[in-house]
Structures are given as structure tokens and as C-alpha cells.
Amino acid sequence: MRHRDNATPDATEHRDAPSIHDTTPTPERALIIAVQLSGTDDAELHSSARELERLANTLGIEVLGFHSQRRSSGKSAKLLGSGKLEEVAHAIEELGITRVLFDGELTPRQHENLEDALGVKVTDRSGVVLRIFEERAQTRQAQLEVDIARIEYELPRVRRGHVADDRRGGGGRGEKGHTNVELARQRLRERLVTLRRELTDLQQHAATQRARRSSAFQVALVGYTNAGKSSLMRALTSSEVLVEDKLFATLGTTARKLDPPLQPEVVVSDTVGFIKRLPHELVASFKSTLDEAHDADLLLYVLDASDPEWPDHLQVTRETIQDIGANPHSRVVFNKVDRLDDAERASLRMRMPDALQVSAMRPELVALLHAEIARIQETSFVEESLLIPFELGHVVGAVHEGARVVEQHHGPRGTALKVRAPAHAIPLWRAELPDPPVFDDADSLLERAADFGLELMMDDGDESLESGFDESGADYRVLHAIDQEGDSWILRTPRRLGLYEPARIEARALRALSDELPVELPRWALHTPEIIAYRRLQGRPGWQISPAGALTWNHIDPQDPSETFLRSVARTIAAMHRLPGDELRAAGIPQRTPHQERDHLKAMLPRALSVLKPAPEVRERWERWLAADHLWAWTPKLVHGDLHPGHLLLDERGQLSGIIDWSEAHLGDPAIDLSFFVGAFAPGTLERLRDLLDEEGAEPGFALVERCRERWAYYAVITTDWALDNDHDQALAHARNLTKSLESAE
Ligand SMILES: Nc1nc2c(ncn2[C@@H]2O[C@H](COP(=O)(O)OP(=O)(O)OP(=O)(O)O)[C@@H](O)[C@H]2O)c(=O)[nH]1
Ligand SMILES: [Mg+2]
């Protein structure tokens, strides 16, 4: 019965086991055995065994029974007690069992002992999964990954005096005995090196292939095996992808165009299914098959709605995706809802209101998924303008293919295209264009705006504005301009290169927020690395600082801010707190968790201390705040990040009508925006504002007043850090004054 003299048990099986392609009428009959360790409850034990049964079915093995035993350790050489072994041996007799499947991983020693005790072949979980992977590996890459996993699985087992059998050749089949062990191992290791090298080459090739189509919006279907990923893929792309009611129908990924097509193009990728407790030898090869998920713009977590274990499946899938460090926008998709009745669908909707309910078998539901993909693609778009010199006509073609062109302007220096496209696509085209200049005179900036079709003149009619550039900002020069109709515009141009990426984040934040808040936000009509232009908003900033440093307040009295003003602020902040974090992250708005924020602030302290040399009690105050865990338990909310009165636009009555400069916007500590009410207004203002925030339903978190006060006290450190980075003497002087005021307050 046993053939173990010249091969490990698993390797032997390959010769004996009926392949799933065999027409053999009698399927193998198997029992599953398991060890129940303390800490594993019955439900887990059985669900894992059911999964192993499905895996076995995939290999054409029929499972006829299940035996388990509670043990304190899975490490003993015999694994099961002798009584249990007898019970299993008896069942083997009774049912005509030809194979025992162990739901776990066996050491080579345990493997041997079990086979000796039971008299039939034994396969552990790794062995089963490996065999499925081998059967299903279709692409060369998948085959290589599985071969590598197989050799890694075999290598330690050669030690037992058996020479491993590398099924795909080269491993030394038939070589025998202890004397050849070292030689056999050496060969396996050499083979491993060759396989790995080939795999690396192939992966590089795959990566370049991905890069080539990456101006397309990429959707990846991920999820548990048998959830219906391949079926959905086929329904979404009208293509033939292998679909089978077996686990692991898909190994290796495939990518196809969404059908009906969208503009710009959407590519859908299918991926390998997940399982719980993936054998460790296979983890690496499995994860490498998830590269597509890594690069995706949208991940669809596909769940089988008719499988009661979907919550587990979702968790496993999410954890693995996190492990590989992928963090794109994602949606949960329940598939196979055709198998549910209305009540079941309603209850799923209660549990997962944001999940889509679809069925690969129902075209009208597939159409819903198609529409959702289109909607999410749309939210991923950014709107920017490109000026393409006439000699680079091929870029115009590429842009038309990969973007939605919303405006086109032919000027003397080239074709200007205003496009809406996935954020990652635009830099690909920009890379082919000449670098834009830095503008330090107003006329050439206006001329550049005209190249994009925006005809503006300098605004020298308004007495309160400086003519020419406003040079007060550290990063941008600002120009006030008017158009043909006399409407006012703001033009921003960076003082240096390298501000394009932060500006893109600001653009995405503005796009995501512009219709969501009860006040006006800038709408960028022109966005390029060198110019940002928008219509000036109504209202006046709460304060203005003259070039000489004099501060004037508009429409509010900082000593007694009106109820109208404070309520309008509270209402806006409440609206910001209500925005769903997921959507904002998906729209490209960065997040800082309490942990990250604290580390970020801590890191500034040493340099600021050495420059500011504060009194000991001030230093202690700063350190105490950073160490007080209870003040760092807030939930990240949308914050403006630099909400001083100069960024608040007010109408005549002092009501907030607009907010400008969202360059620091992120998901973070709500106290950041509110701390200015400690620093810039009369004592007691923050407490008044807090009560209004409560009334308006804002969620700034616990201990708000203390958090704002301490954050304000730390503002001296933050300002110092910024002043040193930007070589800004005025800001440094300001930070010193703040520090002094803290000393006298103590
Ligand atoms: N009733 C029903 N069955 C479906 C649906 N979608 C898929 N199936 C069936 O579910 C089984 C698995 O489908 P696949 O598309 O191969 O699943 P997969 O997620 O790609 O599986 P792996 O490639 O193994 O990870 C097949 O028998 C499909 O016919 C659906 O919406 N409704
Ligand atoms: Mg599949």
C-alpha cells in the first residue's frame, strides 16, 4: 500500500492519485481528521474542515467522514491518541477509505507515523492546496510560483531519507537512499535558483506590461475562491474566462476591457481566490499573484452572498490585501444574490448597506455593477490642463485616448487641452512635455494663461489690492486679475518647482468638497503645474496682514465675535465632520491617524527647543501634551489644516461665506481647525463655539477645549519648524513671541 522508500508521501501521491482529468469512474474516498487545539472552537473547526472538503472535491476526492480530537498540542509525533487512531482505522475499514486528509500541516515525521498507523495515504492541507495549484497553474508565471512552492515544501522532507520527487523534472526522481540525500537537496536548491531567476524575469516583463496600459482605470476582482470572480469578470467584459464550480478555478491573473467600454478605458482583472489558513509555503506565491490588486484603482471584494461564511471571507480578504500593502478604493460586492430571497437580501442590506448586491447570472444586476464602476472611475478623475507644443502632436493623440477632453484651445504655442482623467495618467503625459517655467513677472504669467484660452488682465481698479504680484505667500505668488466681463480672478503661480504634487492633493480635496459644504470653495478653472486660476470668491477675509505686518480685521470683532459668525463656522465644521472618511480617502485626501500626528509633532520638538530655548515649564507643557494618551484618542475627520481668520471669507454681516487655501486639508485631528479660536479670539470664544458645534452635530471628540489649548500652545513649535524649513524670519519672530506669551501665562 505504501510507497515510501524513494519519495516523500506527497510526491508519491502524484503518481498514484487519479488526476481530475482522469475518466476513472471511482473517485477517491477520504476521511478528514483534525486536531482541535485549545482556543479553536467547534464552529471554526468545522468550517475549516468543510473548506478542506471543498478543496478535496476540487481534486475529485469524495469526503465521507470527519474525526477530530482535542489535544493541548499539535506537535506530538503521533498527533492523535491511540484510542482515536483505532477509531479512525476502524472507519477506514468500514467505509473503504483510500486516503486520509489532515486539516493542518504535518511534519515529515508525523506524516510517516500517521501513514504507518492508519495504513493509507495521508495528505495534509498544504499537500492538498499544492496539488490544486499544480493542477490549475495555467500561465508560466503561475507554474513557476507553484514549482517553487513545491520544492520549498519538499526540501525539508528530503532529510527523512527520502529523495524528493520534483514532478516538473530536474529534481532527481528515483534516486535513492541516504547517500544521495545531500546530492538530491543540492539539485533541488539549484533548481530553485533557476526557477526564481526565471520568475523574476517574468515578473519584470509583467510589470512593464502593466505600466504600458496604466493610463487605463484598473479594476481588480478579489475574494474568496468560488465567490464568482471569474463569472463576474466574464459578465463585465463579455469575455471567456474559465469558470468552474470548483475551488481555485483561476490561478494567474487575466485582464480584459470593460464592456460596454468607457472613456477613458477601464480594465478589469480577475485574481486567484483566497482561502483561510493558506499553507505557509504558498503564501508568497499566492501574494505575488495579487500584483494586479496592488496596482488597481478600484478593488472589488467579491463575496458569495449565499455562503453563510461570507463575513469570514471578507475579513481574510481584507487582511491579505492589507498585508501586501495595497490601499486603493474598494467596494464590497455580494455576488450570487439570485440564490437569495427578498428577506435575505434585505437583511444583507441591513448589515452591509454600502455593499452592492449583484449576480453574474442577471444582466440587469451586472449593469448596476458596471454603472457603479463608471461612477467610481468618475470620482477618481482629476481635471487639469496640458499645453502641448505642435511638434508633440502624438501626445495629443495619447491624451484623447486616455482622457475625456472637456476643452480644447489652439494658441500660437500649441494645443491646450483641459482634461478629466485618472490622477495617475496625467503625469505620464506631462513627462513628455517641456518643463514649465517659473514666473516672476505678471505679464508673462497672464500670457501663459492666455495660451490656455483664459484671457485676463491685471486688476488695478480695486484700491485695497496690491497691483502686480502679492508676494506674501511662501510657496505661491498671487495675482489679482479680471476677465472681459469684469469678474475678478485669482491666479497662483509657484515660486519653485516641486509644488505640483501638493497642489494636486488640494485640487482633489476641492473637487470632493465643493458641493458638500454650506460655504463657497475655490473652483479651479485652470490647473497646471505653473498656474492655478479661479474666480475670486465673495466676501472678505477675516483678517488681512499688510506687507509691513499690520493686521486688520474685517467684519468680525475678535474681542466679541458675533453669534452669526460663530454659528456659521460651527455649521460648516459640522458639515465637514459628516463627510464619510472612505469617500474622502478614495478621492485622494490624505489621512493622519492620532499615532501618525503625534509622531509628526514629536519629531519637530528637538530642533524647535534648541532654537526657541523656552522656559522649563513651557517645555514641560509641550512634552506633557505629547505624552497624554487620553488627548490622542480622536477619530480623524476632514480638517482644513490652516483655518486662521485670513482663510475665512465673511460677508457684511460677519457670516462665513467661503473658505480658501485648502492646501493642508486632510483627515486628522478636528482640534487643528479649532485651535485658532484659542489663539486669535477673546477668552471664552472656543467654549461658545464648542456649544454651537454640539448643537450643529459636529464630532470633534472628547476634551476638545483642552486639546485646542494645548495644540495652540504647541503652535510655537509648529511655526518654528516651518520657519526654519522655509527660511522665514518673520514667522520665526512670531514663534518666539508665542513662546514668550506662554511663559508669562504660566
Ligand atoms: N447562482 C449563481 N451562481 C454563480 C454566480 N456567479 C458565479 N456562480 C457560480 O459559482 C461558481 C464559481 O464561479 P467562479 O466565477 O469560477 O468563481 P471564482 O471566484 O472565480 O473562483 P476561483 O477562481 O476558484 O477563485 C461557478 O459554478 C459559477 O457558475 C451567480 O451570480 N449566481
Ligand atoms: Mg476564478
Side-chain angles (χ1 to χ4, degrees), residues 20 50-60 128-139 141-142 145-146 219-256 268-278 282-283 285-293 299-310 312-314 316-318 320-321 331-342 344-345 348 355-370 372:
I20 54 164
R50 264 201 309 279
E51 179 175 290
L52 185 59
E53 177 180 2
R54 285 175 65 195
L55 292 168
N57 293 344
T58 301
L59 290 168
V128 173
V129 176
L130 257 173
R131 275 184 55 190
I132 298 170
F133 273 35
E134 279 167 344
E135 297 284 357
R136 297 303 163 105
Q138 298 216 338
T139 63
Q141 184 172 341
E145 276 156 354
V146 172
V219 180
L221 300 163
V222 295
Y224 220 73
T225 179
N226 208 49
K229 297 177 296 297
S230 299
S231 308
L232 275 178
M233 158 100 173
R234 197 169 60 156
L236 283 168
T237 63
S238 316
S239 61
E240 294 299 315
V241 182
L242 185 66
V243 178
E244 267 187 87
D245 196 6
K246 284 183 173 158
L247 297 164
F248 292 113
T250 307
L251 204 70
T253 52
T254 32
R256 301 266 150 72
V268 184
S269 323
D270 191 10
T271 63
V272 181
F274 290 68
I275 58 164
K276 273 179 283 183
R277 297 167 57 201
L278 187 70
L282 280 172
V283 170
S285 67
F286 174 72
K287 285 185 178 168
S288 75
T289 67
L290 290 173
D291 267 2
E292 306 272 347
L299 269 189
L300 297 177
Y301 288 107
V302 182
L303 298 171
D304 179 347
S306 66
D307 186 334
E309 283 167 32
W310 67 259
D312 262 3
H313 296 177
L314 180 58
V316 172
T317 313
R318 281 203 167 127
T320 311
I321 291 292
R331 284 302 301 269
V332 173
V333 176
F334 283 110
N335 186 35
K336 308 194 191 181
V337 298
D338 56 290
R339 291 184 177 166
L340 305 188
D341 60 28
D342 289 349
E344 288 167 323
R345 287 186 65 174
L348 263 193
L356 284 171
Q357 299 194 0
V358 306
S359 164
M361 309 294 172
R362 299 268 173 85
E364 74 280 8
L365 295 178
V366 174
L368 272 185
L369 182 56
H370 186 285
E372 180 63 6

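Just so you know, ligand 1 is whichever comes first in the structure, and atom 1 is the first atom listed for that ligand. These numbers come from a predicted model, not from an experiment.
- Looking at Thr237 and Arg256, their side chains never bring a donor and an acceptor atom within 3.5 Å of each other.
- Using a 4.0 Å cut-off to heavy atoms of Lys229, the atoms of ligand 1 that qualify are 15 (O), 17 (O), 18 (P), 19 (O), 20 (O), 21 (O), 22 (P), 25 (O).
- Atoms of ligand 1 lying under 4.0 Å from at least one heavy atom of Ser359, given by number and element, are 30 (C), 31 (O), 32 (N).
- Phe274 pairs in a side chain to side chain contact (heavy atoms under 4.5 Å, CB included) with only one of the listed residues (Thr317, Thr225, Leu314), which is Thr317.
- Heavy-atom proximity to atom 21 (O) of ligand 1, evaluated over Val366, Asn226, Val302, is greatest for Asn226.
- Heavy-atom proximity to Ser231, at under 4.0 Å, picks out these atoms of ligand 1: 6 (N), 7 (C), 13 (O), 14 (P), 15 (O), 28 (C).
- Applying the side chain to side chain contact (heavy atoms under 4.5 Å, CB included) test between Lys229 and each of Val333, Val302, Leu300 identifies Val302 as the sole match.
- Backbone and side-chain nitrogen or oxygen atoms of Val358 are examined, and none is located within less than 3.5 angstrom of a nitrogen or oxygen of ligand 1.
- Residues satisfying the ring pair (Phe, Tyr, Trp, His ring centres under 6.0 Å) test with Phe334, not counting sequence neighbours, are Trp310.
- Among the atoms of Ala227, some N or O lies under 3.5 angstrom from an N or O of ligand 1.
- In terms of heavy atoms, Ala360 sits closest to Ala235 at O-CB, 4.0 Å.
- Contact annotation: for Met233 versus ligand 1, there are no heavy atoms closer than 4.0 Å.
- Val268 places none of its side-chain heavy atoms less than 4.5 Å from the side chain of His370.
- Taking every non-hydrogen atom of Ala360 and a distance limit under 4.0 Å, the qualifying atoms of ligand 1 come out as 6 (N), 30 (C), 31 (O).
- At most 12 heavy atoms of other shown residues, nucleotides or ligands fall within 6.0 angstrom of atom CG in Asp342.
- Of all the atoms in ligand 1, the ones that sit under 4.0 Å from a non-hydrogen atom of Gly273 are 25 (O).
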